[in-house]
Amino acid sequence: MTQQKPKIAFFDFASCEGCQLTVIDSLQTNLELLNAVEIVNFREAMSEKGQDYQIAFIEGSCSRKSDEARLQAIREQADIVVALGACAHLGGVNAVRNRQPLEDVRTYVYGNKADWYETYPARPISQVITVDATIPGCPIDRDEFIASVKMLLQGRIPKLPETPLCVECKLLENQCVYTMGKVCLGPIVRAGCKAICPSFGDGCEGCRGLVSEPNMESLKQVMAEHGMADQDISHKLDLFLTYQMMNLENEEPK
Amino acid sequence: MTGTTLTPDIAIDVHHITRVEGHGNIVVDVEKGELKRCELQIVEAPRFFEAMLRGRPYGQASHLTSRICGICAVGHATTSLRATETALGVELSEQTILLRKLNFYGEILDSHILHVYMLVAPDFLGVGSVIPLATSAPDVVLRALRMKKLSGDICAVIAGRHTHPIAMTVGGFTHFPTMEKLEQLRERLEAVRADVDETVALFQTLQIPDFERETEHIALHKPDEYAFIDGVIKSTDSGEWPLDRYLEVTNEYMVPHSTAKRARNQREAYAVGAMARVNVNYDLLHPKAKEAAVALGLKPVCHNPYMISVAQVVEIVHAIEDSIVLTDALLKRGVEWEEPAPPARLSGEGVGSCEVPRGILFHHYKIEDGLIVGANGVIPTTQNLQNAEEDMRALVPTILDRSQEEITLALEMLVRAYDPCISCSTHLLDVRFE
Ligand code: SF4
Ligand code: SF4
Ligand code: SF4
């Protein structure tokens, strides 16, 4: 008798589906993984739908009350729930609007038809259900996804790196973007993306989330040394990290 | 409306159509042979990008808006940059224009290959996804993956990655490809021609359903090239509009059964996308792409929506050939490190437009003292929705003699042909610049 392959499923909530696409792309060079698992639900790529999965990957933020029941149903079925990407992990760009009054956001986009569309402040899925593992990033990193899946298949839970991005960036011998007059969140953001943004000449925007004890003071010091204003950094922090920053500031979503 | 008495009642409710980007439902009700209800519903959670842009520094807009859609990330970023650059009077260098075009082709190829091989071909080959094809037709799948990898690598070499581009910025780039990387791309582009020929050959063997409904097709147009970035808006019915009059063309409105908006111009609906581009700009296709169009029986003006996938194959040929031309030009002139071109002013208003894989896209920003104070976007799927629904309405009465399963498949294939990227269609509305 052949051993049963683990069944895995993908689900999406408010997202751009870029993380699911990155999953498809990661298979380009890891086709053997398709033999090790059975994908029972991947709406973007297949018609068949199965409901007997063990590992569920969830992309996207929870952004309306009616999504909560769908999330809970997935939680009940799956042994392991994995947050896939910044939208699911952090709230990501979906939470940018949380700083604006909800009614104002709705009428700005949908005018006098705003009531037709249900919504509430966007949040990470961990605010609704228990999450066992996270693959961070916007989008996720292909190699990290493959490595995490392999660990999960061995029954282990992948851990997120705790070192700040600067460490990774300096090992790569990148020119620090502060010396080019750009803002970078590297000192307070979790490493693991091969410092791809600084490597391509742009400051880190924090899509992988803050390290557990972010040293905001040292960041502010770096900023001040390079003659940058607090406002420059708040705009950066409010791209992927709005939800976390509002929590740190104890600010309620409007 | 005609109906047959053989199948008096049909109720189709496809919840969350698969193999499309995002969440959509098809609802069809036929009672006593008469079509009562025919809806393409978008049920995606709204994401409110226009509101998110308010108060942001203009330099962040392209990074934020690329997150509207993972497939069209480069398309949204490029359109966003063009809107900002128009608003602030930024003049681009020749090198920037060449690199942006090549990067853009990377995404057109990536999206078209994903769509024709992984999302559409399974229908024709009678399977539910590309995964069983990996064992039944491995050469087809490996070819698709090879072509897709090259497309993604084009974007990675130029802007760091396809989803989401890093090095694209207002006025230019923050990183530049080496000659060595460009030479490698050039070699792979040349080598992939064999795969492109095979793709055309594969589509020659597929039975494309025979169905036509005359409609208006709208695409960007330039006099001297097959337009993907900038141009004027052109219709197959008649008329040309400059970009800043896009609202006269799109005329958006909403219906209660869908979180996406809809558009209409001179008829009850219009179509955008690969087919519209081929219909509007056929003469400007690369000669090899025209050869492929002839081989595949695609003649402008074509009104069969199932032929959209064929138009995408024709564009794959065009994009590969033109990418070779662009890479040659870059290799010949060399690529130098360049500061981004500076803005002439920090306040202004501008419209940017590109032909992203699924059709014409508009971004419209108003900027004051470097901050965005008003934003509007009109995406291709919005413009196609009503047209797809009109197609469904015309198609259903002609296939009522089939089984409910066959009707459902025909409708799903129709919707998939439009390649609706529903994730980004769930936003937008009144342009109100306060
Ligand atoms: S995390 Fe980023 S790439 Fe992933 S779904 Fe969200 S917006 Fe898209
Ligand atoms: S570029 Fe960013 S991540 Fe790299 S060293 Fe400088 S601050 Fe740190
Ligand atoms: S450098 Fe920062 S913004 Fe870029 S991918 Fe890494 S964590 Fe995300």
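Chain letters run A, B, ... following the sequence lines, proteins first, then strands; residues in each count from 1.
Contact count versus chain A (heavy atoms, under 4.5 Å) is highest, among Ala167(B), Pro57(B), Gly55(B), for Pro57(B). The candidate from Lys148(B), Arg146(B), His164(B), Arg56(B) with the greatest count of non-hydrogen atom pairs under 4.5 Å with chain A is Arg56(B). Of all the listed residues (Ala122(A), Gly18(A), Gly201(A), Cys19(A)), the one sharing the greatest number of non-hydrogen pairs under 4.5 Å with chain B is Gly201(A).
The aromatic rings of His175(B) and Phe200(A) are tilted relative to each other, their planes meeting at an angle between 30° and 60°.
Residue contact with chain A, scored on non-hydrogen atoms closer than 4.5 Å, is absent for His162(B). For Ala159(B), the part sitting under 4.5 Å from any heavy atom of chain A is the backbone (N, CA, C, O) and nothing else. Residue Arg161(B) touches chain A through its side chain alone, counting heavy-atom pairs closer than 4.5 Å. In this structure, chain B has a heavy atom under 4.5 Å from the side chain of Thr29(A), while its backbone stays farther away.
Arg70(A) forms a cation-pi arrangement with Phe13(A), by the criterion of a distance under 6.0 Å to the ring centre and an angle within 45° of the ring axis.
The pair Lys182(A)-Asp202(A) fails the salt-bridge criterion, with no side-chain N (NZ, NE, NH1 or NH2) lying under 4.0 Å from an Asp/Glu carboxylate O.
Here the closest heavy-atom approach between residue Arg97(A) and residue Pro121(A) is recorded as NH1-CA, 4.3 Å.
Using modelled atom types and a 3.5 Å distance limit, the side chains of Gln60(B) and His235(A) yield no donor-acceptor pair.
Each of Ile125(A), Asn94(A), Ile58(A) was compared with Cys87(A) under the side chain to side chain contact (heavy atoms under 4.5 Å, CB included) criterion, and only Asn94(A) meets it.
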